[in-house]
Amino acid sequence: MLFQWVAKSTEVFALSDGSMMEEEMSMRRLWLMLCLGWLSFAAHAADLNIDLGHGVQTYHTSQLLDRHDARQIDIPADVSYKKPMRYRAVPLLALLDGLGPDDHLQFIASDGFTAEIPASLLLDRRGSQAWLAIEPANQPWPALAAGKPSAGPFYVVWTRPEAAHVGQEQWPYELATIRKLADVSARFPAMRPNSALPADSPARRGFAVFQRTCMACHKLNGGGDSQKGPDLNIPHNPTEYIRADLLRAFVRDPKSLRWWPAAQMPGFSRDQLSDADLNDLLAYLKHMAGRKAVP
């Protein structure tokens with residue numbers, strides 16, 4: 001409708017005599033700027049779909065920004081922007097009515113990234129709180145890096161993340177969908193370690209680390225929903241072709257082993273992944289190298 005009006009307006013000017021040419025060009029430029037501004041506004045407004053098993057609820061950018069519980073929050077150490085950030089946000093739990101401690105949520109980004117977050121973390125009472133940050137259509141957030149988009153339109157951020165040991169992969173951005181699913185072990189049985197292992201074995205603990213740290217980008221034995229990174233067991237497990245010390249260094253800083261301009265894997269500092277958790281993760285990967293299951 002807007003573009004048809006612009007076209008008709010310029011046709012009127014085109015039928016006028018030559019003295020109108022300069023005014024016509026000015027009007028064309030003005031309407032082009034208005035159209036581009038409208039397109040920019042529309043591009044940043046978005047919908048978030050939430051499916052908790054009783055029908056999909058869709059929230060629009062403006063609807064979320066206008067909620068009575070929306071407020072300004074400060075994030076002193078934003079995981080994605082690597083600096084302090086300020087957002088208008090809604091408490092995430094306010095959008096997840098009826099969520100129980102045994103439930104499991106999957107957060108799906110527009111670029112294929114998926115984050116698996118147990119409801120118990122969101123319901124944790126130790127001081128961490130999850131928020132849904134909303135990118136205003138008329139005030140877009142900065143780009144994450146040169147040539148990349150912002151973290152919007154929706155981004156899960158945390159206040160006091162250290163209280164509940166929230167990992168960096170549990171800050172999903174470019175969010176499009178939140179849905180309740182069965183937990184990872186039930187959905188992808190080929191990812192489970194041997195059931196004969198003791199409950200407190202390193203490989204079992206490492207499976208939990210894998211879920212919160214690696215599944216956002218990687219599959220294992222074909223299990224997982226992310227489309228960003230390679231399978232970590234099929235055809236080969238990294239413990240089979242990378243020396244243990246180099247693999248450990250790679251997880252800490254991928255560029256220490258290999259680098260290319262399009263590389264996307266982040267490093268995990270000791271604050272983000274303790275030495276004990278890294279040991280357990282590698283124990284899980286090594287264990288699963290002997291449990292390949294071709295999908």
Side-chain angles (χ1 to χ4, degrees), residues 44 46 48 59 61 64-96 99 105 107-111 113-176 178 208-209 211-217 251-255 264-278 281:
H44 285 93
L48 174 69
Y59 295 93
T61 295
L64 290 166
L65 289 170
D66 291 340
R67 283 176 61 99
H68 70 90
D69 52 358
R71 54 172 285 192
Q72 181 175 284
I73 62 169
D74 290 308
I75 305 297
D78 189 283
V79 163
S80 301
Y81 282 105
K82 314 297 183 188
K83 63 180 182 180
M85 291 292 290
R86 177 172 291 174
Y87 300 104
R88 186 161 179 80
V90 171
L92 184 57
L93 282 177
L95 305 176
L96 305 174
L99 191 68
L105 296 175
F107 295 73
I108 306 171
S110 58
D111 65 351
F113 176 101
T114 63
E116 303 278 343
I117 302 181
S120 57
L121 182 63
L122 299 173
L123 296 167
D124 187 276
R125 301 302 182 194
R126 287 175 290 178
S128 300
Q129 183 175 1
W131 297 80
L132 181 74
I134 305 124
E135 181 179 30
N138 61 343
Q139 293 180 312
W141 299 335
L144 290 166
K148 292 187 177 182
S150 74
F154 308 108
Y155 175 26
V156 175
V157 301
W158 295 79
T159 49
R160 298 194 63 227
E162 68 284 352
H165 306 289
V166 177
Q168 68 177 21
E169 301 303 313
Q170 293 168 321
W171 295 61
Y173 55 80
E174 295 182 48
L175 191 60
I178 302 173
V209 177
Q211 291 177 58
R212 68 174 184 265
T213 304
C214 308
M215 276 194 72
C217 297
V251 173
R252 292 292 184 213
D253 179 12
K255 289 185 282 190
Q264 297 187 50
M265 179 172 166
F268 293 85
S269 70
R270 286 176 174 81
D271 290 336
Q272 298 159 342
L273 181 68
S274 69
D275 285 334
D277 281 350
L278 179 53
L281 174 62

Stepwise side chain to side chain contact (heavy atoms under 4.5 Å, CB included) check, Ile75 with Trp158: CA-CA 7 Å; Ile75 305 297; Trp158 295 79; over 6 Å; no
Check whether Thr114 reaches the backbone of Ile108 with its side chain - one donor and one acceptor, N or O, closer than 3.5 Å. no
Looking only at heavy atoms, what is the nearest atom pair of Pro254 and Gly267, with distance? CD-CA, 3.5 Å
So which heavy atom on Gly127 is nearest to which on Asp124, and how close? N-OD1, 4.2 Å
Could you pull out the closest heavy-atom pair between Tyr81 and Ala151, with the gap in Å? OH-N, 3.1 Å
Between Asp275 and Arg252, does any side-chain N to carboxylate O distance fall below 4.0 Å? yes
When rounded to the nearest 0.5 angstrom, what is the spacing between CZ in Phe107 and CD1 in Ile117? 4.0 Å
Which distance, rounded to the nearest 0.5 Å, do you find between the CZ of Phe268 and the CG of Leu278? 10.0 Å
Residues passing the salt bridge (charged side-chain N to carboxylate O under 4.0 Å, His left out) test with Arg71, sequence neighbours excluded, are none
Please report the interatomic distance CD(Gln211) to CD(Gln170), rounded to the nearest 0.5 Å. 10.5 Å
Residues passing the salt bridge (charged side-chain N to carboxylate O under 4.0 Å, His left out) test with Asp277, sequence neighbours excluded, are Arg212
Under the rule for ring-ring contact (aromatic ring centres under 6.0 Å, His included), what residues qualify as partners of Tyr155, not counting sequence neighbours? Tyr87
Interatomic spacing from CG in Leu65 to CD in Gln139 - rounded to 0.5 Å: 9.5 Å
Pairing residues for Asp74 by the salt bridge (charged side-chain N to carboxylate O under 4.0 Å, His left out) criterion, not counting sequence neighbours: Arg86
Please determine whether side chain to side chain contact (heavy atoms under 4.5 Å, CB included) holds for the pair Ser110 and Phe154, giving the CA-CA distance in whole Å, both sets of side-chain angles, and the decisive distance to 0.1 Å. CA-CA 10 Å; Ser110 58; Phe154 308 108; over 6 Å; no
If I compare all heavy atoms of Pro153 with all of Trp141, which pair ends up nearest, and what's the gap? O-CH2, 4.3 Å
Take Trp131 and Thr159 through the test side chain to side chain donor-acceptor pair (under 3.5 Å) and record every step on the way to the result. CA-CA 8 Å; Trp131 297 80; Thr159 49; 3.2 Å; yes
Return yes when atom OH of Tyr173 has more than 12 non-hydrogen atoms of other residues, nucleotides or ligands closer than 6.0 Å, and no otherwise. no
Should Cys217 and Met265 count as side-chain neighbours, where that means a heavy-atom distance under 4.5 Å? no
Residues in salt bridge (charged side-chain N to carboxylate O under 4.0 Å, His left out) with Asp111, at least two apart? Lys228
Are the side chains of Glu174 and Ser80 in contact, using a 4.5 Å heavy-atom criterion? no
Atom pair CD (Glu135) and CG (Leu64), whose distance is rounded to the nearest 0.5 Å: 13.0 Å
Quick one: side chains of residues 160-167, donor-acceptor pairs under 3.5 Å with protein atoms, not counting sequence neighbours, listed by atom name and distance.
none

Could you please spell out the steps behind the side chain to side chain contact (heavy atoms under 4.5 Å, CB included) verdict for Gln272 and Glu169? CA-CA 9 Å; Gln272 298 159 342; Glu169 301 303 313; over 6 Å; no
Looking only at non-hydrogen atoms, find the nearest pair between Ile73 and Ala89 and report the distance. CD1-CB, 3.8 Å
Quick one, Leu48 with Leu132, criterion side chain to side chain contact (heavy atoms under 4.5 Å, CB included). Give me CA distance, side-chain angles, the key distance, then yes/no. CA-CA 10 Å; Leu48 174 69; Leu132 181 74; 3.6 Å; yes
Here the gap from Leu99 atom CG to Ile178 atom CD1, rounded to the nearest 0.5 Å, amounts to 10.0 Å
